[in-house]
Undergrad: 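Once you've had a glance at the structure underneath, I'll fire off some questions.
Heavy atoms only: backbone and side chains are in, while hydrogens, waters and symmetry mates are out.
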Amino acid sequence: MNKYEIMFIVKPDLEESAIKKEADKLKKALTEHKAKIIDEKAMGQRELAYEIKKYKNGYYFLFTLEALSNAIDEFDRLARIDENLLRHLIIRVED
């Protein structure tokens with residue numbers, strides 16, 4: 001298993017419960033593929049460095065996890081088709 005950091009930004013115009021539901025949905029996709037979540041941080045709403053899809057703010061989340069490539073591929077697939085995500089970034093962390 002490799003160690004990864006995943007950061008994603010959720011649209012700011014959603015209800016607070018919908019924002020949490022987005023994060024839970026993506027976390028569930030990872031754990032269903034046997035990923036082990038080490039740390040999970042909801043970083044709150046922050047200003048974006050530049051406008052994305054006409055949004056100037058977004059809700060940031062950061063997951064640190066250990067996973068196989070199939071879990072990462074599934075997360076990436078879901079994040080690309082999710083209309084409520086502005087951006088996501090997956091980084092493999094070297095030990």
Side-chain angles (χ1 to χ4, degrees):
M1 288 184 128
N2 296 314
K3 191 171 181 181
Y4 294 92
E5 284 185 353
I6 297 176
M7 179 173 273
F8 57 94
I9 307 170
V10 180
K11 287 182 178 179
D13 59 356
L14 299 174
E15 298 277 330
E16 194 169 325
S17 60
I19 291 169
K20 176 124 177 69
K21 199 176 287 186
E22 283 293 322
D24 290 342
K25 179 178 73 172
L26 294 170
K27 183 178 176 181
K28 183 180 177 192
L30 289 166
T31 55
E32 283 179 349
H33 286 84
K34 299 185 178 31
K36 179 183 168 193
I37 307 287
I38 298 168
D39 190 24
E40 175 184 353
K41 291 181 186 171
M43 299 170 68
Q45 186 171 354
R46 296 180 180 223
E47 188 173 338
L48 301 171
Y50 54 89
E51 205 170 280
I52 302 173
K53 298 180 185 175
K54 299 188 180 177
Y55 290 100
K56 295 183 180 185
N57 295 307
Y59 281 90
Y60 282 70
F61 291 89
L62 176 67
F63 292 163
T64 304
L65 57 119
E66 289 180 348
L68 297 172
S69 63
N70 65 335
I72 299 302
D73 292 343
E74 179 64 12
F75 178 91
D76 191 41
R77 184 187 73 80
L78 290 174
R80 287 177 189 266
I81 61 175
D82 193 337
E83 295 178 358
N84 292 322
L85 290 187
L86 297 176
R87 285 280 194 277
H88 71 283
L89 178 66
I90 303 168
I91 299 174
R92 182 174 170 203
V93 178
E94 297 294 329
D95 290 330

Undergrad: Please list, chain by chain and in numerical order, all residues satisfying ring pair (Phe, Tyr, Trp, His ring centres under 6.0 Å) with Tyr60, sequence neighbours excluded.
TA: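 For Tyr60 there are no ring pair (Phe, Tyr, Trp, His ring centres under 6.0 Å) partners, ignoring immediate neighbours.
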Undergrad: Starting at CD of Glu47, measure out to CG of Asn57 and round the result to the nearest 0.5 Å.
TA: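 CG of Asn57 is found 6.0 Å from CD of Glu47.
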Undergrad: Counting the benzene-type ring for Trp, do Phe63 and Tyr4 have ring centres under 6.0 Å apart?
TA: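 No: the rings miss the under 6.0 Å criterion.
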Undergrad: Taking the side chain as everything from C-beta on, heavy atoms only, tell me whether Leu78 gets closer than 4.5 Å to Leu85.
TA: no
Undergrad: Between Leu30 and Ile6, is any pair of side-chain heavy atoms under 4.5 Å apart?
TA: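 In short, these two side chains touch, coming nearer than 4.5 Å.
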Undergrad: Using a 6.0 Å cut-off, check whether atom CD of Glu51 has over 12 heavy atoms from anything other than its own residue.
TA: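 Atom CD in Glu51 is crowded, with more than 12 foreign heavy atoms closer than 6.0 Å.
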Undergrad: Can you check whether Leu86 reaches Leu48 side chain to side chain, under 4.5 Å on heavy atoms?
TA: yes
Undergrad: Please table the atom pairs, donor to acceptor, closer than 3.5 Å between any side-chain atom in residues 33-46 and protein atoms at least two apart or in another chain.
TA:
unit_1, atom_1, unit_2, atom_2, d
His33, ND1, Ala29, O, 3.0
Glu40, OE1, Lys27, NZ, 2.6
Gln45, OE1, Tyr59, OH, 3.2
Arg46, NE, Met43, O, 3.4

Undergrad: Can a salt bridge be assigned to the pair Arg77 and Asp73 using a cut-off of 4.0 Å between side-chain N and carboxylate O?
TA: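 No, no charged N to carboxylate O under 4.0 Å.
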Undergrad: Side-chain contact test, heavy atoms from C-beta onward, threshold under 4.5 Å: evaluate it for Ile72 versus Arg92 and give yes or no.
TA: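 No, too far: nothing below the 4.5 Å cut-off.
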Undergrad: With side chains defined as the heavy atoms from C-beta onward, is the minimum distance between Met7 and Ile91 less than 4.5 Å?
TA: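 In short, these two side chains do not touch, never coming nearer than 4.5 Å.
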Undergrad: Given Asp82 and Lys25, is the side chain to side chain contact (heavy atoms under 4.5 Å, CB included) satisfied, shown in steps?
TA: CA-CA 11 Å; Asp82 193 337; Lys25 179 178 73 172; 3.0 Å; yes
Undergrad: Are Leu89 and Leu65 connected into the same hydrophobic cluster when the rule is that any two of I, L, V, M, F, W, Y join if their side-chain heavy atoms are below 4.5 Å apart?
TA: no
Undergrad: Do Ile19 and Ile9 sit in the same hydrophobic cluster, where Ile, Leu, Val, Met, Phe, Trp and Tyr count as joined when their side-chain heavy atoms come under 4.5 Å apart?
TA: no
Undergrad: For the CD atom on Glu32, are there more than 12 heavy atoms of other groups (residues, nucleotides or ligands in this structure) within a distance under 6.0 Å?
TA: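 Yes, CD of Glu32 has more than 12 neighbouring heavy atoms, counting only those of other groups under 6.0 Å.
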Undergrad: Distance from Phe8 atom CZ to Glu22 atom CD, nearest 0.5 Å?
TA: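 That separation rounds to 8.5 Å.
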Undergrad: What's the spacing between Ser69 OG and Asp76 CG if we round to 0.5 Å?
TA: 12.0 Å
